[in-house]
Amino acid sequence: MKSVPRHSSRCWKKHHLIDDLSKALVRSACSAAIDWPGNLYLAFNMAPDQLLSGDLPDWIAALAAEIRYPLDRLQIEITEGSLACDSEQAHATLRRLDALGISISIDDFGTGYSSLARLEAFPFRTLKIDARFVRGIEEDQAKRRIAAAVIGLGQSLGMTIVAEGVETRAEETILRHLGCTMGQGWLYGRGIPARDAEAMRSRFRSGKTATPSLDASPFQQLHQLRTLYEQAPVGLCFLDMQFRYVRTNDAFASMHGMSAKELEGRTADDIMDGPLLDRFKALLGQTLDRALPPQDFKIDDRDFRVFAQKVVDVGGDVIGISIVSIDTTQQNLLLEHVTLSEQHYRQMIELGPNIAWAANALGVVDYMSPSVDDPPDDTLQHRIERWYATMHPVDRLRVRAEWLYWIPSGRPFRTSFRILWRDGLYRWVESRAHPKFGPDGSVDRWCGLICDLPIDLTSAGPRNAAGLELIGADTINARTDQGAQSAPDPMHLLFEGISASEAPIAIFAPNDRLVIASSAFREIYDLQPGEQTFQSIIKHCHAKKRGVLVEAKDIDQWLGMATAKRRSQTHRKFQIDSVDGRWFWALETTFNEGWIILTMTDMTALKKTEADLRLARDAALHLAETDALTGLHSRRAIMGYFEDCLTSASPTATVSIAIIDIDHFKHINDHYGHDVGDVVLAEFGANCRRMFRDSDWIGRVGGEEFLLVMPNTSEASARKALERFADFVKRIAYKELGGRHVTFSAGLTEHTLGDTVQDTYKKADKALYEAKTSGRDRISTPDRRRGSAARSSASQ
C-alpha cells in the first residue's frame with residue numbers, strides 16, 4: 001500500500017502536514033488490515049525529511065501498539081534520493097526501524113543516487129526494481145541484463161527482490177527466470193478500497209513469505225559454475241558470438257594441449273587450422289541454426305565426441321554456444337577390440353559348417369538350414385540341391401546307400417563324408433540324425449546336424465554309422481578335377497590364427513582339455529607349459545593367486561559348481577575378474593559333442609569410466625545438499641527433510657523444530673569483516689554437528705539463520721537440548737573477535753496435527769522474532785493461549 005503521491009509531498013512539507021498525513025494514513029490502513037488473515041503486509045512511502053526526524057520510529061511503533069497491529073507486517077519504502085545526504089540521523093532512524101522488526105525497502109532502485117556502500121550499510125530487506133527496467137524487457141536485451149544485475153545484487157545481499165510495473169505475463173515469466181519471484185503492477189490488479197481487499201487477497205497467495213528466498217545470485221552461480229567446470233569428468237566450454245573461448249575447464253583445453261587459463265580469451269582461429277578449423281567453424285555456424293547430433297573429431301590422434309548447443313537468454317536472444325566434449329579414444333579402442341573378437345568368432349563359425357537338416361519318415365530330406373554363403377532370396381529346394389552338389393561324388397552314392405539301409409532300424413544315424421569348400425578343397429564333415437517318434441511309436445521324422453569332424457578323429461579317419469573306419473581319408477585335401485598335391489588343412493589354419501590372435505580365445509575339448517589358446521588368453525590365465533585342463537588351470541590360479549581371480553575357500557566345491565554350469569547353455573555370458581584388477585566379459589559357446597570356444601573382451605576401461613561417472617554424480621548430489629561454508633545441510637535439503645518428516649510422521653509422533661539466528665551477526669560482519677563472519681559461521685556449524693543427535697537434522701537456511709528439525713522430540717526436550725547448546729556456545733572464545741563469545745536466539749515450536757509445513761515454520765519464525773525483540777540470547781516458544789510467544793533466557 002502506497003502512502004501519498006510524490007508530486008504532492010512538497011506542498012504538504014511546505015505546510016508542515018506531511019507527518020500528520022502520514023500518521024493518519026498509517027492509522028487508517030493498519031485499522032483496516034488488522035483482521036486480514038495470513039501474513040499480508042502494508043508498505044508506506046516516507047519522505048526524505050521524515051528520515052531525518054528522530055521520532056519516526058516512535059510514532060509508528062506507538063500507532064501500531066495502539067491498534068495492536070504487528071510491526072513485522074509493516075514495511076517502509078524509501079527512494080535512493082532520500083539517502084543522498086548520507087545523514088547519520090537517517091542511518092540511525094533506519095536502524096531503529098529495523099530493530100523494531102519493520103522491514104525497509106529501497107524503491108525505484110537504479111534511478112537515483114545508486115551507491116553499493118548504502119546498500120551494504122543500511123538495513124534494507126527489500127529492493128524494488130524500477131518499472132522503466134521492466135517495461136519492454138521481453139524485447140530489450142539491455143533491460144534484461146540490467147534487471148539480472150539488480151536481482152543478483154539484491155540476492156547476494158540477502159534481500160527480497162520486487163519488480164515494479166509488471167503488466168504482462170511475458171514480463172512476469174522473464175523476471176521469474178531471472179530469479180525475481182515477487183512483483184507488483186497492473187497484471188495483478190489496480191488500487192482498490194480496503195473493503196474490497198479481502199476478495200482480491202483470495203485470488204493470490206500470501207504476499208510475503210516467511211522463509212528467505214532462494215539465493216540464485218550471480219555470486220553463488222559463479223561458484224556453482226566454477227565447481228561444475230573444475231570437477232566435471234568431461235570437457236566443458238562456452239563460446240561467445242565471436243567464437244571466443246569465454247570459459248573452459250582443463251579437460252576441454254587438454255584437447256589442444258593447453259590449460260584452461262591458456263585457452264580462455266582465444267578464438268578457434270588461434271588454436272586450429274586447416275580442415276579441422278573449417279569443420280569446427282561449420283559446426284558452430286550450423287548449431288546457431290538448428291540442433292545437431294553429436295559430432296566426432298580426431299585431434300592429435302585422439303578421438304572426441306562433441307556436443308554443441310546454442311545458448312539463449314530468457315528473452316530468446318542467442319548469446320553464445322555451449323560445448324561438451326568427451327574423450328572417446330579408449331572407448332573406440334575397446335569397441336575395435338570387440339569388433340575384432342566378433343570377426344574372429346564369426347570366421348571360426350564360418351570355417352566350420354554347422355547345418356541343421358530334417359527328413360520325413362521315408363528319409364527324404366525336406367529341410368536344410370541356410371549357410372553364410374546362401375543368397376538372401378534362396379529357396380529351400382535350391383539350398384538342398386546345392387548341398388548335394390557339394391558332396392564328393394563317391395561319398396554321395398555311399399551316404400545315400402547307408403542312409404536308406406539305416407532308416408528301418410529307427411536308431412540314431414551317424415556318418416562322415418567330404419564336401420567341397422570355398423577354397424576349392426574337400427574337407428571331411430560329420431552328419432548325425434535322431435529319430436522323432438509319433439504317438440503310435442513309429443518314426444515320423446528325422447532331425448539331423450552336419451558339422452566338422454572332431455579333431456581327435458581326423459588322424460584315425462572318419463567313420464560311418466556302424467563305427468567302421470571309412471576309406472579315402474588320405475584324400476581329405478584332394479581337388480575334384482585334378483590330383484593336386486596336399487594343401488594345408490583349414491582347421492590347422494584356424495588353430496594358427498587363434499595362436500597368433502591378440503584377442504583372448506581358447507578351445508576346450510569335451511573332456512575339458514585345453515586344445516588351443518591365444519597368447520592373450522595364456523597371459524590372462526597365467527597358463528603353464530604342458531597339457532592343461534579347465535580344472536588344472538583354475539586350481540593353479542587359486543593356489544598361486546595369479547591369473548584370474550578365484551574367490552573360494554573350497555576350490556573343489558567351486559569347480560563342481562562351475563563344471564555344472566559349463567555346457568548348460570549353447571551360449572553363456574559371464575564376468576571374469578583378474579588378480580591385477582582387470583575385468584573381462586566372456587562368451588562361452590558350446591558346440592556338438594561338448595566342444596567349447598571361449599572368447600573374452602577386456603572391459604576394464606569402460607567399467608572404470610562407469611565408476612568415475614557414478615562418483616561424479618554422487619559428488620554433485622553432495623554439493624547440492626550441503627552448505628559449502630558450514631558443512632551442514634543446504635536449505636533445499638533441510639526444507640525437504642522437514643517436509644518429509646511431517647508427511648511420514650504418524651498421528652501420535654511428535655516433531656519439534658527451531659529456527660536459530662546468531663545474535664549481532666551483522667555487527668560482526670560490519671566491524672570485523674566478512675572473513676571473520678565466515679569463520680564464526682563455520683565454527684557454529686561444526687558445533688551444531690557436535691552437540692545435536694545424529695537423528696536431528698540441522699541446515700543453514702540463509703545468512704546466519706539455521707533450521708533444526710528434531711523428530712520424535714517434544715517441545716520440552718527440544719528446549720533442554722537448545723539450552724545445553726547455548727551454554728556450550730557461550731564457552732567458546734573467538735580470537736578473531738578479540739576473545740569475545742557469540743550467542744544466539746531461537747524460536748522453538750512443536751508440530752501440531754493438521755498444521756502444514758508453512759504453518760509450523762511460521763510459528764517458529766514468530767517465536768524467533770519475539771526472542772530477538774525481547775533482548776536476544778533467548779529461546780522463545782509460541783504461547784498457544786494468547787497467540788504471542790513465551791520467552792526464556794538461553795542463559796537460565
Answer yes or no: are there more than 12 heavy-atom neighbours, outside [X] itself, under 6.0 Å from its atom [atom1]?
| X | atom1 | result |
| --- | --- | --- |
| Asp289 | CG | yes |
| Lys298 | NZ | yes |
| Arg582 | CZ | yes |
| Gln242 | CD | yes |

Mind checking whether [X] and [Y] have side chains closer than 4.5 Å, heavy atoms only?
| X | Y | answer |
| --- | --- | --- |
| Ile638 | Ile698 | no |
| Leu94 | Ile78 | yes |
| Val579 | Asp526 | no |
| Ile668 | Val742 | yes |
| Arg244 | Arg266 | no |

* Asked: Which one of Lys143, Glu171, Glu172 satisfies the side chain to side chain contact (heavy atoms under 4.5 Å, CB included) criterion with Val134?
  ->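 Single pass found, and it is Glu171.
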* Which one of His664, Glu704, His674 satisfies the side chain to side chain contact (heavy atoms under 4.5 Å, CB included) criterion with Asn669? ->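 Among the candidates, only His674 passes.
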Taking all non-hydrogen atoms of both residues into account, name the closest pair between [X] and [Y] and its distance.
| X | Y | value |
| --- | --- | --- |
| Leu632 | Gly685 | CD2-O, 3.5 Å |
| Val166 | Gly183 | CG2-CA, 4.4 Å |
| Phe238 | Ile319 | CZ-O, 3.6 Å |
| Ala147 | Ile129 | O-CD1, 4.4 Å |
| Thr328 | Phe304 | OG1-N, 3.9 Å |

Donor-acceptor contact present, side-chain [X] to main-chain [Y], <3.5 Å:
| X | Y | answer |
| --- | --- | --- |
| Thr329 | Asp303 | yes |
| Asn687 | Glu683 | yes |
| Glu264 | Lys261 | no |
| Lys310 | Val318 | no |
| Glu164 | Gln184 | no |
| Ser518 | Ile505 | yes |
| Arg144 | Ile137 | yes |
| Thr626 | Ala628 | no |
| Asn249 | Leu236 | yes |
| Ser259 | Glu262 | yes |

Hey, what do you get for [atom1] ([X]) to [atom2] ([Y]), rounding to the nearest 0.5 Å?
| X | Y | atom1 | atom2 | answer |
| --- | --- | --- | --- | --- |
| Ile524 | Arg546 | CD1 | CZ | 14.5 Å |
| His256 | Asp270 | NE2 | CG | 11.0 Å |
| Ile104 | Arg95 | CD1 | CZ | 10.5 Å |

* **Full working for salt bridge (charged side-chain N to carboxylate O under 4.0 Å, His left out) between Arg700 and Glu705** => CA-CA 6 Å; Arg700 182 182 176 203; Glu705 199 168 279; over 6 Å; no
* Please identify each residue that fulfils side-chain contact (heavy atoms from CB on, under 4.5 Å) with Gln575, with sequence neighbours left out. => Asp577, Trp583, Trp585, Lys607
* Please state whether the rings of Tyr245 and Phe280 are parallel, tilted or perpendicular, taking 30° and 60° as the class boundaries. => parallel
* To do: Evaluate the ring planes of Tyr641 and Trp697, with Trp represented by its six-membered ring, and classify them as parallel (under 30°), tilted (30 to 60°) or perpendicular (over 60°).
  => parallel
* So is Arg305 actually on top of Phe297's ring, under 6.0 Å and inside 45° of the axis? ->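 No, cation not above the ring by the 6.0 Å, 45° rule.
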* Asked: Quick one: side-chain hydrogen bond (donor to acceptor under 3.5 Å, both in side chains) partners of Ser578, sequence neighbours excluded?
  -> Asp580
